[in-house]
Structures are given as C-alpha cells and as structure tokens.
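It should be emphasised that the depicted structure is a prediction, and the values quoted were computed from it without experimental measurement.
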Amino acid sequence: MDYRDSAVIYKKELIEDGLGGYTEKEIEVKTIKCKVAPYTVKSIDSKGREISYSLNKLFTKEKILDDLDDDFKILYKDKKYKKVSIADYGKCYMVVMERDD
C-alpha cells in the first residue's frame, strides 16, 4: 500500500483562563503519511428501511498518539473528520473516521 496522502492530527487541549476555569483549543499534534479509502455502511432503521452512509478508513504506518483511546480529529484534504474507532494491526493502524460538521 502506498502512503502518498497526508493528514494532520489535532487534539483538544485545556488551557487555564486565569479565573479558575478552562478554555478548549485544538492543537496540531503531527502530520502523518496515510492512505484513505471510503466505504459504505448499510443498516436498517426502526421502520425496516435500509439506510446507507459513507465513512472513510485511514491507514498509516506511523504512530498517531501515545494513547490510542484519546479523542482526536483529522484534517484530510481540507475537511475535518472525527475518529470513530482505531485498530492496531502491528504493521499499520486503521482509523475509521466520519465528517465532523
């Protein structure tokens, strides 16, 4: 698999506001080389109708974060995505992501 595309990983960081509270800010963690493939998920709603929607899978060899359970966002081709799930296959990581509107 060729990893010609690139994506930017963002993570939320809490910054003290000086008044005892915090503000959230997204910071850029790193840029990774990756391959992204779309796929369609089909399910059936409560009325028995078939619903389909599109998700993307991102594959990379690079370690994304130290703790894979942390939430993060991905900027890929000027669109922001949020992590749905992540899997470590030893040789690569697979992140299932959906648009974050």
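Note that the OG atom of Ser6 and the NZ atom of Lys77 stand 9.5 Å from one another [nearest 0.5 Å]. In this structure, Cys34 SG and Lys61 NZ are separated by 13.0 Å, a value rounded to the nearest 0.5 Å. Atom OH of residue Tyr22 and atom CD1 of residue Ile15 lie 11.5 Å apart, to the nearest 0.5 angstrom. Here the straight-line distance linking atom CD of Glu16 with atom OG1 of Thr23 works out to 9.5 Å at 0.5 Å rounding. Here CG of Leu65 is found 5.5 Å from NZ of Lys11. Values are rounded to the nearest 0.5 Å.
Side-chain contact between Ile74 and Ile9: present, with at least one pair of heavy atoms (C-beta onward) separated by less than 4.5 Å. Contact annotation: the side chain of Ile32 never approaches that of Tyr3 to less than 4.5 Å [non-hydrogen atoms, C-beta and beyond]. Contact of the Leu75 side chain with the Glu28 side chain is not registered, since no non-hydrogen atoms from C-beta on lie closer than 4.5 Å.
Across every non-hydrogen atom of Phe59 and Cys92, the tightest pair is CD2-SG, 4.4 Å. When all heavy atoms of Lys30 and Lys63 are compared, the closest pair comes out as NZ-O, 2.5 Å. Residue Glu62 comes nearest to Thr31 through the heavy atom pair OE1-O, 3.8 Å, listed as atom of the first residue, atom of the second, then distance. Closest non-hydrogen pair, Val36 versus Leu58, comes out as CG2-CD1, 4.0 Å.
No continuous path of ILVMFWY side-chain contacts below 4.5 Å connects Ile64 to Ile27, so the two sit in separate hydrophobic clusters. Under the 4.5 Å side-chain heavy-atom criterion for Ile, Leu, Val, Met, Phe, Trp and Tyr, Tyr10 and Leu14 are members of distinct hydrophobic clusters. No chain of hydrophobic side-chain contacts below 4.5 Å, direct or via other Ile, Leu, Val, Met, Phe, Trp or Tyr residues, connects Tyr39 to Ile44. If you chain together hydrophobic residues whose side chains sit under 4.5 Å apart, Val8 and Phe72 never meet in one group.
For Glu50, the side chain to side chain contact (heavy atoms under 4.5 Å, CB included) partners are Lys42, not counting sequence neighbours.
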Check residues 78-86 and write down every donor-acceptor pair under 3.5 Å in which the side-chain atom is one partner and the other belongs to a residue at least two apart or another chain.
residue : atom : partner : partner atom : Å
Lys80   : NZ   : Glu26   : OE1          : 2.5
Tyr81   : OH   : Asn56   : ND2          : 3.4
Lys83   : NZ   : Leu68   : O            : 3.1
Lys83   : NZ   : Asp70   : O            : 3.0

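The backbone N or O of Asp71 sits nowhere less than 3.5 Å from a side-chain atom of Lys12 that would complete a donor-acceptor pair.
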